Engineer: 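First the structure, which I've put down as structure tokens, then a few questions once you've had a look.
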Amino acid sequence: MIKITLDGSQVEVEAGSTGFKLFSDKRIVALKVNGELKDLAHEVADSDVVEGVSIDSQDGLNILRHSTAHVLAQAVQNINPEAKLGIGPPIKDGFYYDFDVESPFTPEDLKALEKEMDRIIRSGQRFLRRVTNDQDAAIELSNEPYKLELIGLKSGNADVGEAAAEVGAGELTIYDNFDVQADKVVWKDLCRGPHLPNTRMIGNGFSLTRVAAAYWRGNENNKQLQRIYGTAWPTKDELKAYQLQMEEAAKRDHRRLGAELDLFSFPEEIGSGLAVFHPKGGVIRRVMEDYSRKRHDESGYEFVYSPHVTKANLFETSGHLEWYAEGMFPPLQLDEERDEEGNIKRQAQDYYLKPMNCPFHCLIYKSQARSYRDLPLRLFEFGTVYRYEKSGVLHGITRARGFTQDDAHLYVARESIRSELTNVLNFVLDLLRDYGLTDFYLELSTKEEGNPKFVGSDDIWIEATSTLESVAKESGLELVPDPGGAAFYGPKISVQAKDAIGRTWQMSTIQLDFNLPERFDLEYTAPDGTKQRPVMIHRALFGSIERFFGVLTEHYAGHFPPWLAPIQVVGIPIADEFSEYLHEIASELRKAGVRIQIDDSDERMQKKIRNHTLAKVPYQLIAGAEDKANNAVSFRFRDGSQINGVPKAEAIARILKDIAERVQV
RNA sequence: GCCGACCUGGCGCAAUUGGUAGCGCAUCGCACUUGUAAUGCGAGGGUUAGGGGUUCGAGUCCCCUGGUCGGCUCCA
């Protein structure tokens, strides 16, 4: 007998006991032994600390999904024995597996594969772990060039990234799929494990979702393999719930809502990634901007403007042409003159569309001699920038080629970095809350040690990083480290916000910059008369207005709160004769700045209610004989609820209050 | 940029093996004047993203260009 700790209590078990013996609960699919995941078939040893891993825990789900990926790979090779295996890890909500195949998979292939997977699952194959070594594995897997490469990498101690699922730390192992009825191993894969004990446990809660190409080992220069994505859940019901959730997310897609609610479009004539805002989208955007301006004004920012094009020289100074030329629109060549022989009389000038606003702000800083009394100097601009994003990355309004940043650059003395950062972070969080986002965490991106590309002295990096860190901690929010994620010119904090359905979006960034002040030779005169170099803080709250617009659209699913809604109130008369009564109320509301329309069309009242509900107008004011007689109106809300017979003055007061307080209704 | 799929009136869709473009909503007109999610009737609107090719004949097949979508890579 040996003593182990089993789910927290001391027990004595027979030597050589496996998970099968320790747990009778069918939902336990693996073990955690001394913190390491093991198969149920693992034999525990004396003094081990053992926990059961349930299929519905995060570890359990990963095991389920990874095992499903194996079944997929087996199905692919059953149908096409020529397919070579890439990697097949679990991911959020599912898994994928990469294959090198002659021709890409089609949706019909997926159906056939699901069928074959189902057959494999029902056949109840056992996953059996087998320890091997580099030499034996290389012989066994001689037909699998990608697996061989991974074995090579592992023995070379290289970082294998997502391939850790196949060849993670520890001994090299192969999992055999053993078909009990056929009494033989029918498939095998290089894999770290652990796995479900039996394919049957996958059940019918899985689905193949899409095919895509993916570069081998995530490198653009490598061959593209064909990737199949799938999702897997412990039960069919959970799979269905997931699929429903995906549909809900699709309904909130800002590209779809942008068209449905007539907010913006991307006319093909203009070009990829370049949007026009329609009147309704324009209202939302203007209100967003106006409110942001007001808050910036109150917080000590000064408003500046800069042109959309500039001579190349400026971006040479800033270094952008050196580092990011590929991401910029190609230059406009101007002013070249030639004589009759075609000789250049006057050299052309290159002008670029600006991809960033900071160099302009630096020039504003430099426009006069600065004193410590001028600092912190906070320059704010809604600056429209143009970036030549690769065609494949464009995504509605959240990733476009032309967009407007709510950009500010703060020029601060080194000794006031802390207080300025504290201000900025509080300002950012406050403002985001006003727009209705409330659930945040922070990410701290720091320097990668030993990488020579980072500019600035070590001591300023250390000081700035620790300042950022302590400011972030003071906020009380969760702080996630992002080592090596800093830009070459300075560390940053980014604010991640969760939306209404739990997705996280990177929102604001607060970025320290030791580089541009140097390049632009920015100075100020300190109290002691010496010339000092300011530090620059780049910060954008929305990132870009368009992107934030898109995020809010998805967050609210198009149900913008009254203060942002393009049409805040619509009046619906029961019959034509009550139209005038509603117009009186409308003119009062309009005077108070409310965006109200009376629907005088000759549609049926029911139809109008339907139309304006679909248009997601926050308040419908309905009036008929009864209401008019009582000098009242009836409210109807987007969710179908209603309050009848509300006195006119009360109705007006309520609408104004909701708007002023920026509440959701 | 790469791989794949896709592009039919403003929007959502249909059109058998290639055989001469249809429906709903929206729009416009007329009638109806209504108490909480679609009133009825009528009309107009498409050289099928653009260009080229194959064919007696192309929305359907092939090529090029543009755009969209899903991924990969990227996001100063």
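All chains are named by letter (A, B, ...) in the order of the sequence lines, taking the proteins before the strands, and each is independently numbered beginning at 1. Fair warning: this is a prediction, and the values are worked out from it, not measured in the lab.
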Engineer: Using the C1' atom as the reference point in each nucleotide, state the distance between G9(B) and A14(B) in Å, no decimals.
Structural biologist: 14 Å

Engineer: In whole Å, what is the span from the CZ atom of R399(A) to the P atom of G1(B)?
Structural biologist: 13 Å

Engineer: Can you find an N or O donor on one side and an acceptor on the other, under 3.5 Å apart, linking the side chain of Y215(A) with the base of G1(B)?
Structural biologist: yes

Engineer: Between C6(B) and G40(B), how far is it from one C1' atom to the other, in whole Å?
Structural biologist: 39 Å

Engineer: Does R636(A) contact A37(B) through a side-chain donor or acceptor facing the base, at a distance under 3.5 Å?
Structural biologist: yes

Engineer: Can you tell me if S265(A) and H278(A) form a side-chain donor-acceptor pair at under 3.5 Å?
Structural biologist: yes

Engineer: Base, sugar-phosphate alone, or nothing: which one does N219(A) contact when heavy atoms must sit under 4.0 Å apart?
Structural biologist: nothing

Engineer: Determine the interatomic distance between P on C25(B) and the same-named atom on G42(B); round to the nearest Å.
Structural biologist: 13 Å

Engineer: Taking atom types as modelled and ignoring hydrogens, do the side chains of E144(A) and Q77(A) form a donor-acceptor contact shorter than 3.5 angstrom?
Structural biologist: yes

Engineer: Categorize G319(A) for me: base, sugar-phosphate, or nothing, with a 4.0 angstrom heavy-atom threshold over every strand shown.
Structural biologist: nothing

Engineer: Under 4.0 Å between a Lys/Arg side-chain N and an Asp/Glu carboxylate O for D98(A) and R227(A)?
Structural biologist: yes

Engineer: Quick one, T310(A) and F315(A) - any side-chain contact, counting heavy atoms below 4.5 Å?
Structural biologist: yes

Engineer: Would a line drawn from the ring center of Y411(A) to the ring center of Y365(A) be shorter than 6.0 Å?
Structural biologist: yes

Engineer: Identify whether any heavy atom of T106(A) sits under 4.0 Å from a base atom; if not, whether one sits that close to sugar-phosphate; answer base, sugar-phosphate or nothing.
Structural biologist: nothing

Engineer: Is the Y229(A)-Y97(A) ring centre distance short of 6.0 angstrom?
Structural biologist: no

Engineer: Going by atom types alone, do T613(A) and Q620(A) pair a side-chain donor with an acceptor below 3.5 Å?
Structural biologist: yes

Engineer: Of all residues at least two apart in sequence or in a different chain, which pass the side chain to side chain donor-acceptor pair (under 3.5 Å) check with E603(A)?
Structural biologist: none

Engineer: What contact category does F105(A) fall into here, base, sugar-phosphate, or nothing, at under 4.0 angstrom with non-hydrogen atoms?
Structural biologist: nothing

Engineer: Are the charged groups of E381(A) and K354(A) less than 4.0 angstrom apart, N to O?
Structural biologist: yes

Engineer: Give me the distance, rounded to whole Å, that separates C28(B) from U36(B) when you measure between the C1' atoms they each carry.
Structural biologist: 28 Å

Engineer: Going by heavy atoms closer than 4.0 Å, what residues in residues 247-268 of chain A are next to RNA chain B?
Structural biologist: R255(A), E268(A)

Engineer: Is there, by distance only and without an angle test, a donor paired with an acceptor across the side chain of E389(A) and the base of C75(B) below 3.5 Å?
Structural biologist: no

Engineer: Tell me the salt bridge (charged side-chain N to carboxylate O under 4.0 Å, His left out) pairs involving residues 544-556 of chain A, sequence neighbours left out?
Structural biologist: R285(A)-E546(A), R503(A)-E554(A)

Engineer: For the P atoms, the ones on U20(B) and on G59(B), what distance do you get once it is rounded to whole angstrom?
Structural biologist: 10 Å

Engineer: Who passes side-chain contact (heavy atoms from CB on, under 4.5 Å) against A586(A), sequence neighbours left out?
Structural biologist: R590(A), I596(A), I598(A)

Engineer: Tell me yes or no: between the side chains of S579(A) and D600(A), is some donor less than 3.5 Å from an acceptor?
Structural biologist: yes

Engineer: Rounding to an integer number of angstrom, what distance separates G44(B) and G35(B) when you compare their P atoms?
Structural biologist: 34 Å

Engineer: Would you say a side-chain N or O of K607(A) is under 4.0 Å from OP1 or OP2 of U33(B)?
Structural biologist: no

Engineer: Between A37(B), G1(B), G71(B), which one does the side chain of E220(A) approach most closely?
Structural biologist: G1(B)

Engineer: Tell me whether the NZ or CZ atom of R401(A) lies within the 45° cone about the ring axis of Y388(A) and under 6.0 Å from its centre.
Structural biologist: yes

Engineer: For RNA chain B, determine which residues of residues 609-633 of chain A have any heavy atom closer than 4.0 angstrom to one of its atoms, and list them numerically.
Structural biologist: I609(A), R610(A), T613(A), L614(A), I622(A), G624(A), A625(A), E626(A), D627(A)

Engineer: Distance between the P atoms of U39(B) and U33(B), in whole angstroms?
Structural biologist: 15 Å

Engineer: Just to confirm, is there a sub-4.0 Å distance from OP1 or OP2 of G35(B) to any side-chain nitrogen or oxygen of S634(A)?
Structural biologist: no

Engineer: So what does F488(A) touch, heavy atoms closer than 4.0 Å: a base, only the sugar-phosphate, or nothing?
Structural biologist: nothing

Engineer: What distance, rounded to whole Å, do you find between the two P atoms, one in G10(B) and one in U48(B)?
Structural biologist: 13 Å

Engineer: I'd like to know if R604(A) reaches the base of C32(B) with its side chain, counting only an N/O donor and acceptor under 3.5 Å.
Structural biologist: yes

Engineer: How many Å lie between CE on M536(A) and P on A76(B), as a whole number?
Structural biologist: 15 Å

Engineer: Taking the side chain of A214(A) as its heavy atoms from C-beta onward, which of G70(B), C72(B), U73(B) lies nearest to it?
Structural biologist: C72(B)

Engineer: Just the dot-bracket of RNA chain B, please: which string comes out with Watson-Crick or G-U pairs under 3.5 Å, [ ] for crossing, | for another strand?
Structural biologist: (((((((..((((.....[..)))).(((((.......))))).....(((((..]....))))))))))))....

